[in-house]
Amino acid sequence: MLDKIYSPQAIEAKWTEAWAKAGLFHSEPARDGRRAYTIVIPPPNVTGALHIGHALNNTLQDVLVRFHRLHGRESCWVPGTDHGGIATQNVMEKQLKAENQTRHLIGRERFLERMLAWTRDCKKTILGQLTRLGCSLDFGREAFTLDEARARSVYHAFADFFAKGLISRGERMVNWCVRCGTALSDIEVEHEERKGHLWHIRYPLADDPAHFVTVATTRPETLLGDTAVAVHPEDERYEGLVGRKLLLPLHDRPIPLLADDAIDRAFGTGAVKVTPCHDPADFELWQRHLSEMEAPPAVIGADGKMTPDAREPYAGLSREKAREQVVKDLQAAKGRDGLPLLSKIEPYHGSVGVCYRCQQAIEPRVSEQWFMKMGPLAEKAVAAVDRREHRIFPDSWEKPYREWLGNIQDWCLSRQIWWGHRIPVWYCAGCLGDKLAASVPDGEGLPRKTGRVSALLAAGVPFAKLEQDGVWQYQAGKTPDRDGLAVQSGRPGPCPKCGGTHWLQDQDVLDTWFSSALWPLSVFGWPEETADLKFYYPTDVLVTGYEILYLWVARMQMMGLHFRGQVPFTHTLIHGIVRDKRGKKMSKSLGNVVDPLVLMDKFGTDAFRFSLATQAYPGRDIPFAEESVTGARNFANKLWNSTRFVLMNLEGQGGIVPLEKLDRAQLSLADRWILSEFEAVLAETRAYVAAYNLAAAAGALYRFLWDSFCDWYVELAKLERGVTVRSILVHVLTGTLKMLHPFMPFITEELFAALRVHAGESAEFILGARAPQLSGWADGEARRRMGVVMEAVQSLRALRSQLNVHPGLMIRAFYAGAGPEAEVVREHGDYLRHLAKLESLEPLAGPRPAQSATAVAKTLTFFVPLAGVIDFDKERQRIAKEIARLSAELEHSGRQLQDRNFVERAPEAEVLKVRALRQEAEAKHASLAQTLQTLEAKEGAPGGAA
RNA sequence: GGGCAGUUAGCUCAGCGGUAGAGCACCUCCCUUACAAGGAGGGGGUCGCAGGUUCGAACCCUGCACUGCCCACCA
């Protein structure tokens, strides 16, 4: 027997262990023809503990996996974590800083050792939390984006792209994060509106210093790197000036005034300073005007400080300090007219690119990086959506997804950090013929900017060296080959060009998203043609938030389609972000984060999960309030107690009979009604899950259990305690537990365990049992008749409550009316007596009783003699109010039915419905009007209201 | 500058063509033998604004207004 009190903690631990012991979540490729249902987890970064967003993400996946497992699919949910590149390295760098260390001080190898040790702890924490959340992950399949098996996929993919000419190295303008010290791809740059200024600076004409061209800029410090000023060719303000030289203020360097179509005449002064090294648009402009412009100086370095080219007194200053200094100096610098060269400062707010990992302003910078051409891959990803092989839920995301892919830019792949897959490219020192390169010991990294690729090699794996002794060998089987360059296993052999054996590996690592993009492939052993890959790929659904739709989802699609010709997952389910209860994004700095563990401790994991699920409408953000967990906890408690009730009914009684053995003719109205309702909620729930509307699915089950099952059926079940009722109680409850199990796995498992003997279930766990099967129980007649009972009960209860009849007091009642509804009351008087606490219920013989209150339901009228108890004044008010409501209703339906347009054009069913409702309202109205008349005729009763 | 959502009861949200719903909060009554983490009843909304389509609009269309998000090299 169950404890009287529902206490979640104990049962959670118990079932977590039991499931693990039974290997319940393990999956192998099925040989019996069962279809796979596969989800790969969006691997959380190993940067710490999981937050509430992870809890939502994983709860939704678990609901789907458990649901499909219950419904007979060979379900496999692959767990794993992501090494998380810059984000993770940043956390470690902070730790080092606290110890007065830097990564450069301790060196690459020791740094990576520390990273590995630390991220191992994080992995443990994360997997522990997922377990605590009840996630039915196949833990034997745990993967890490930086482990050996994944490295294999990464190197294979890199080599393939290189061989196909999609990956190449080059010097280009990239987004540079000064704080993180690395290049970023375009999507790793966030745009923030920031307040700033527009500085107007006068550049004197070199041969006529009394005249000026005024440029407007938001970044005066880059002036030091200007190589030109540009205007629109048709801008009459600058007619005759184009082609002449200007004198760059502060440096007094002559620079040309160019004309270019890209210049917006309406902005600022129409004249733009051109700083190719520090602005992407200027960089392009420079390339268009190469012949007219000199090679541009880079005045801001990788560290965010001014370079020697910025000259004294700016060299060495931070870019922020340099701005102050430049502005100050421009204010002091006077033109030939005696006025400052800085002619105007106006407030200006524009969007500033910031690093998505540290929020520092991005510095556009020219540097040598690895790039991947994305166009051809993107086309395939778009085609997959066009062909509906890949669908996004909600589909409103398909358009932005398509557009992003349509405008895709090359992907900057290399990162100047250490934590990640090192780029599997080696350079031959001999071929480079570079002193610097030659001075580097064999196998060490290539100093940047030393030359072009001499050899590509999908080879030496630095992490394998660290994880275990010795060098792990890459065995791709097929080795790509391009430009006659040998690509070999292990370290490169002799250089095919010069025979040298002195190799330098590329210093950089790959963007963490490169390995993430391969995730659905790599977790199944690709590039090997494994049995797992054949059975589980393509996976069914990817569940994620919209913030990584491009960063991750799109790239997985592109990779999957490129390498397999098949989408990696057929559906993308996009959920919202968990916000605080006022809709604000949770953040440590706002102090509004809620810890999932705290909530699970306080309310139980099931309640926590259920509250997340009931709010997860597709694509909608969730304003999360603790009250919602309270509500879910209360629901869990309701489940608990209703099961206790059913178990109490079973105690000492005989067994139950299977549903299919029940004699339909023997069933009561309530029996037929609840079975009909149950069949309906099963269908409804399944339809909602299929549409990924998990909130609606959870809501449907909630209402069924609480409203239909507990409030009506269980109450009526108390009237008769026979085997039939017992059987139905057990079947319906067990079925409901099964359907709720994906949402609340622990409590349902506990309750199922208590019920299963009675229910004749042999399975030890819900996931081993069959999903509820029910068909043919839909019963419109039962629903109609039960509707009469329910309305009558509600009407009588309202009467009691509004006239202050004590809830415990049994009252007598008479009913008047004819037809099928009266018949329902006659047949089911026991229901009404029980539910409305009636001492007796009889048909009214003779005139309406005096000294009684009136209740109406459908076309029926109930009279409750309450002489002495009743406050007739109150009763008059009550009835008058009801009459007013009915009058309004009658007026409305009357107008509708008199409108020929409505009667002729509306669907017939609609007209019939209005007619039926009108009849009901008419009956009620007439009956109540008559009552009111009698009441008012009763002078002597205290009539004068107030 | 484009695009996408949202605007419904005090709060948080469902509903998306037939006279407005839930949970919480609020008011009244009740510790009735599954459950006070409960039961019964009740108050509360001209569904952002303005037009249009329709017999009928919270729901479809067009504008507008806020709010939020995504994308974008206007210095």
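Residue numbers start from 1 in every chain, and the chains themselves are labelled A, B, ... in the order their sequence lines are given, proteins ahead of strands.
Per the geometry, CD1 belonging to A/Ile548 stands 16 Å off C1' belonging to B/C69, to the nearest Å. Summarising the geometry, the separation between CG on A/Leu2 and P on B/A34 is reported as 14 Å, rounded to the nearest angstrom. Note: CG (A/Asn637) to C1' (B/A36) measures 10 Å, nearest angstrom. As rounded to whole Å, 19 Å separates atom P of B/C31 from atom CG of A/Asn641. Residue A/Glu403 contributes atom CD, which lies 9 Å from atom P of B/G3 at whole-angstrom precision. A/Arg288 has its CZ atom 14 Å from the P atom of B/C73, to the nearest Å. If you take NZ of A/Lys4 and P of B/A37, they are 11 Å apart, rounded to a whole angstrom. We find that CD of A/Glu193 is positioned 12 Å from C1' of B/A72, with the value rounded to whole Å.
For the pair A/His232/A/Asp261, a side-chain contact is recorded, criterion being any heavy-atom separation below 4.5 Å from C-beta on. In this structure the side chain of A/Leu650 never reaches within 4.5 angstrom of the side chain of A/Leu729, judged on heavy atoms. A/Arg288 has its side chain out of reach of A/Leu258: every pair of non-hydrogen atoms, C-beta onward, lies at least 4.5 Å apart.
Looking at A/Glu715, its side chain comes within 3.5 Å of the base of B/A34 through a donor and an acceptor atom. Contact annotation: side chain of A/Arg633 to base of B/A37, donor-acceptor pair present below 3.5 Å.
Using a 4.0 Å heavy-atom cutoff across all strands shown, A/Ser642 reaches at least one base atom of the nucleic acid. At a threshold of 4.0 angstrom between heavy atoms, the contacts of A/Val215 with the nucleic acid are absent. At the heavy-atom level, A/Pro623 lies under 4.0 Å from the strands shown only through sugar-phosphate atoms. Counting non-hydrogen atoms under 4.0 angstrom, A/Asn407 reaches nothing in the nucleic acid. Using a 4.0 Å heavy-atom distance criterion, A/Asp264 is classed as a base contact. Heavy atoms of A/Ala625 sit nowhere under 4.0 angstrom from any nucleic acid atom. A/Pro364 comes within 4.0 angstrom of nothing in the nucleic acid, heavy atoms only. Using a 4.0 Å heavy-atom criterion, one finds that A/Phe283 contacts no nucleic acid atom at all. Here A/Tyr550 lies in heavy-atom contact (under 4.0 Å) with sugar-phosphate atoms only.
For B/A20 and B/G63, the C1' atoms lie 26 Å apart once the distance is rounded to whole Å. If you take atom C1' in B/G42 and the same atom in B/U33, they sit 28 Å apart, rounded to whole Å. With P as the reference atom, B/A14 and B/G23 are 16 Å apart, rounded to whole Å. Here the separation of B/C73 from B/U12, taken at their C1' atoms, is 41 Å to the nearest Å. Nucleotides B/G44 and B/A22 have their C1' atoms positioned 15 Å apart, rounded to a whole Å. Taking atom C1' in both B/C13 and B/A72, one finds a spacing of 33 Å when rounded to whole Å. On the P atoms, B/U62 is 39 Å away from B/G43, given to the nearest whole Å. Separating the C1' atom of B/A58 from that of B/G45 is a span of 11 Å, rounded to the nearest Å.
Summarising the base pairing, B/U54 is matched to no nucleotide, lacking a Watson-Crick or G-U wobble pair whose two defining distances lie under 3.5 Å. Across all strands shown, B/C35 has no partner, as no Watson-Crick or G-U wobble contact with both distances under 3.5 Å is found. Within the shown strands, B/A5 is the pairing partner of B/U67 under the Watson-Crick or G-U definition, both distances less than 3.5 Å. Within the shown strands, B/A40 is the pairing partner of B/U28 under the Watson-Crick or G-U definition, both distances less than 3.5 Å. Of all nucleotides present, none satisfies the Watson-Crick or G-U wobble test against B/G17 with each distance under 3.5 Å. Pair check for B/G23 finds B/C11; Watson-Crick or G-U wobble, both atom distances under 3.5 Å. With a 3.5 Å ceiling on both atom-pair distances, B/U46 lacks any Watson-Crick or G-U wobble partner.
At the phosphate of B/A37, neither OP1 nor OP2 sits under 4.0 Å from any side-chain N or O atom of A/Lys638. In terms of phosphate contacts, A/Asn634 brings a side-chain nitrogen or oxygen within less than 4.0 Å of OP1 or OP2 of B/G38. One finds no side-chain N or O of A/Arg620 lying less than 4.0 angstrom from the OP1 or OP2 phosphate oxygen of B/U12. Contact annotation: A/Gln802 reaches the phosphate of B/G42 (side-chain N/O to OP1 or OP2, under 4.0 Å). Of the side-chain N and O atoms in A/Lys718, one or more sit less than 4.0 angstrom from OP1 or OP2 of B/A34. The side chain of A/Lys602 contributes no N or O atom lying less than 4.0 Å from OP1 or OP2 of B/A37. Between B/G39 and A/Trp706, a contact under 4.0 Å exists linking OP1 or OP2 to a side-chain N or O. The phosphate of B/A75 has OP1 or OP2 within less than 4.0 Å of a side-chain N or O from A/Tyr348.
Closest to the side chain of A/Arg579, from the set B/A5, B/A72, B/G68, is B/G68. The A/Ala798 side chain lies nearest to B/G41 when the options are B/A75, B/G41, B/U32. When the nucleotides B/C69, B/A40, B/A75 are ranked by their closest atom to the side chain of A/Asp279, B/A75 comes out on top. Comparing B/A40, B/G43, B/A34 by their nearest atom to the side chain of A/Cys710 picks out B/A34. Of the listed nucleotides (B/A75, B/G18, B/G39), B/A75 has the atom at the smallest distance from the side chain of A/Thr217.
Comparing A/Lys581 and A/Gln794 by the nucleotide of RNA chain B that holds the closest heavy atom to each, the one mapping nearer the 5' end is A/Lys581. Comparing A/Ile187 and A/Ala266 by the nucleotide of RNA chain B whose heavy atom lies nearest to each, the residue mapping closer to the 5' end is A/Ile187.
For the pair A/Asp410 and A/Arg172, the salt-bridge criterion is met [side-chain N within less than 4.0 Å of a carboxylate O]. With respect to the salt-bridge test (charged N to carboxylate O, under 4.0 angstrom), the residues A/Asp226 and A/Lys273 qualify.
Counting heavy-atom neighbours within 6.0 Å of A/Glu908 CD, excluding the residue itself, gives a total of 12 or less.
Of the residues A/His278, A/Glu363, A/Glu221, the one that meets the side-chain hydrogen bond (donor to acceptor under 3.5 Å, both in side chains) test with A/Arg319 is A/Glu363. When each of A/Trp397, A/Tyr401, A/Trp404, A/Trp552 is tested with A/Tyr546 by the rule ring-ring contact (aromatic ring centres under 6.0 Å, His included), just one qualifies, namely A/Trp397.
For the 3.5 Å distance criterion, the side chains of A/Ser628 and A/Lys581 fail to qualify, holding no donor opposite an acceptor.
Between A/Asp186 atom CG and A/Asn175 atom CG the span is 5.0 Å, to the nearest 0.5 Å.
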